[in-house]
Structures are given as C-alpha cells and as structure tokens.
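Please read the structure below before turning to the comments.
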Protein chains: 2
Amino acid sequence: MQSLTRGKLAKIAGVNSETLRYYEQRGLLPDPPRGESGYRLYPQESVDRLRFIKGAQELGFTLDEVKELLLLRVNEDADKGDVRLRAQRKVAQIEQKIQALQCMRDALAQLIHECSGEGPTSDCPILEAMENHTFYPTTP
Amino acid sequence: MQSLTRGKLAKIAGVNSETLRYYEQRGLLPDPPRGESGYRLYPQESVDRLRFIKGAQELGFTLDEVKELLLLRVNEDADKGDVRLRAQRKVAQIEQKIQALQCMRDALAQLIHECSGEGPTSDCPILEAMENHTFYPTTP
DNA sequence: GCTTGACTTGTAGCTGACTACAAGGTTTAT
DNA sequence: ATAAACCTTGTAGTCAGCTACAAGTCAAGC
C-alpha cells in the first residue's frame, strides 16, 4: 500500500473523516497530492501525524499548540537552536502541568489514606481539605 | 467582611462575573442567600471554590468532572467509602495524565539533549523523532 | 453498465465554556 | 436628589473543535 484516501486514513487513525478536512483547514495536516480524479492521496506518515495530534491534544495542548509542535519539524528557516528553544519551552510547559497534577494527586492520595472509609461524609477529611483548599496549587 | 456581591466575588476570584452565573446554572456554584434587594450574598468560601474550579480546569478537567470532584464534598447521602472510591478513581485518572505527560517530556528532553543546537533543521533529531512518532505514547 | 458507496467542495449546526447585551431595579457617591 | 455604578433576569453571540448535510463527481462490485 502506498497512499490512503481520506476515509481510509480516517479509519486507520481513528478519527472522523470530516476532522481531516478541519485539520487541513487549520493547517495541521497538509493538503496531500491528488490522483487523477482529484481524490486526496495521503502518505502513510499522515497516520503518525494524526496520532501525534490526538495524543498531544489529550495531554491538554490546544490545536494551535500542537501546530507549534509540528512546526518544529517543518520550518526550514529555523535553525536547530530555534527548534531547541521551542522544545525547551514546551518541556517547561509540560513540567508545570505535571507538577500541578502531582500536587493534586498527592493531596487526594493523602486524604484517601487518612479517610477511614466508613460513616457519613460530614467529617471526611477529603471534603474538609477541599473546603480548606489544600487541594490545589494555591494561587497567592 | 461577611459576604460578597457578585462583582466583588468575581474580582477577587479573578473571573468574569458572568462566569459566576454560568457556574450557578451548571451547578458548580450554589445559588447563595440573597439580601433584601434580591442581590446575591456569596460567603467567603466561594472564593476558594472558584479557585478550585479554575485550578482543576487548568489541569484538564472538564466542568462536569470538576462538579464530580466538588460533589465528593456535597453529597450527604454518600458515605465515606463512596467518597473514597470516587477519590481513588480520580487519582487513577490524574496518574494517567501525569504518565502521558512524563512520557512526552522525557522524549522531548532526550531529543533536546541530543540536538546540538546549530545548523539547519534538516537533520535535527527532534524532528526525526517526531516523524518516527517516538514522541508520544504509542497507541498500538 | 449500473448501482452503491466514497470522494469533492461549500455551508451550516453542535457542544463546552464562556461573554455580551438589553431592560429594568438598587445602591452609592457626589 | 440624581447620575454612575452595580445588581437582577433573559436571551443571544463567540470561540474552539468538531460533525453533519447537500449537491455533485468518481470508482468498485456485481
């Protein structure tokens, strides 16, 4: 197999084929070469690209951010230093998210540990902690 | 100070006051007691609640999920075991997010490390890795 | 060779999460 | 005491990210 029509690509990548059009519009997926008939003929890599997009999205990146990530690859004008810098910024961004999530998880885990698991919720430490907002990274 | 009008609460919590209405509709913020005039009088805790909502949202929880988190506290019928269970599910959910993000970060960091930071992007390992989709948690 | 299904473009609608506007009542500041 | 600022409800619009529909073209199976 060499190239894929829209529907095939959509099926393989597990997205709606209309989504492909949308991504094309948004500049996340290049308009691929066409056959005689005008049908799009997507190269195999498109599958990876789509999986990447979907993965990044699940991790909380917006389509614009995903585009940025993808541009690291495309921009021929940018030199490696530029790519490095952008990548480093992304790492910092990711790290922030991780930390906030860890904070949240630790608080929850601690509370689960403290909570006996019986009786009414009136004196459950989880609930109290949430009231005292020990639960999320405080924004002072 | 005892209670806050809508505008004050919005300002303190750093959200648009219309957002408060919206959250009320969505059941994330209870309709507070009213004064003579019908004005809402929010208790101080509302600030924490809002900060919690915003924090959770930034971590990628939807408003429905945030509501669920908040319900851990509100549901008087639920016993501690129930709360515990819900909390544990949330922890698992958070942990998944963390792992995916760590995977992404590690891949990026590794690539930054390998990348010299000079020359054109044509042979940048970051870009190659993205093409070979070693970049995101593979979904087999 | 003809039907059925997949493709094409264009346009319109949907959900989530807000955000803005309108028409009126209230509070506060001068 | 009166204008400005803020509250009330209702309704409508916006932006992201899809998703669906329409009218027509092409191709694959029987």
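Below, chains carry the letters A, B, ... as their sequence lines are ordered, and counting in each starts from 1.
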**Request:** Write down the distance between CD (B:Q25) and C1' (C:dT15), rounded to a whole number of angstrom.
**Result:** 15 Å

**Request:** Let me know the distance between NZ of B:K67 and C1' of C:dG16, rounded to the nearest Å.
**Result:** 14 Å

**Asked** For the pair made of CD in B:E24 and C1' in D:dT9, what is the distance, rounded to whole Å?
**Response** 11 Å

**Atom-pair distance (CG on B:L41; C1' on D:dT8), nearest Å** = 13 Å

**Request:** Spell out protein contact along nucleotides 17-30 of chain D as letters: B when the base is contacted, S when just the sugar-phosphate is, - when no protein heavy atom is under 4.0 Å; keep the 5' to 3' order.
**Result:** BBBBB----BS---

**Request:** Could you list the residues that satisfy side chain to side chain donor-acceptor pair (under 3.5 Å) with B:E95, not counting sequence neighbours?
**Result:** A:R105

**Distance, rounded to the nearest Å, where B:R6 contributes CZ and C:dG25 contributes C1'** = 15 Å

**Asked** Please give, in whole Å, the distance from C:dA6 P to A:L9 CG?
**Response** 15 Å

**Message:** Has A:R6 got a side-chain atom pairing as donor or acceptor with A:Y39's backbone, closer than 3.5 angstrom?
**Reply:** no

**Message:** Without decimals, in angstroms, what is the distance between B:R40 CZ and C:dT27 P?
**Reply:** 15 Å

**Message:** Would you say that B:V15 contacts B:I53 through its side chain, given a criterion of any heavy-atom pair below 4.5 Å between the two side chains?
**Reply:** no

**Request:** Give a yes or no on whether the backbone of B:Q96 and the side-chain of B:Q99 come within a donor-acceptor separation of less than 3.5 Å.
**Result:** no

**Complete:** Note: A:L50 and A:Y23 closest approach over all heavy atoms is CD2-CD1, 3.6 Å

**Message:** I'd like to know if the side chain of A:R51 and the backbone of A:G14 have a donor-acceptor N/O pair within less than 3.5 Å.
**Reply:** no

**Message:** Taking the nucleotide of DNA chain D with the nearest heavy atom to each, does B:K11 or B:R34 sit closer to the 5' end?
**Reply:** B:K11

**Message:** What is the distance, to the nearest angstrom, from the CG atom on B:L29 to the P atom on C:dA17?
**Reply:** 15 Å

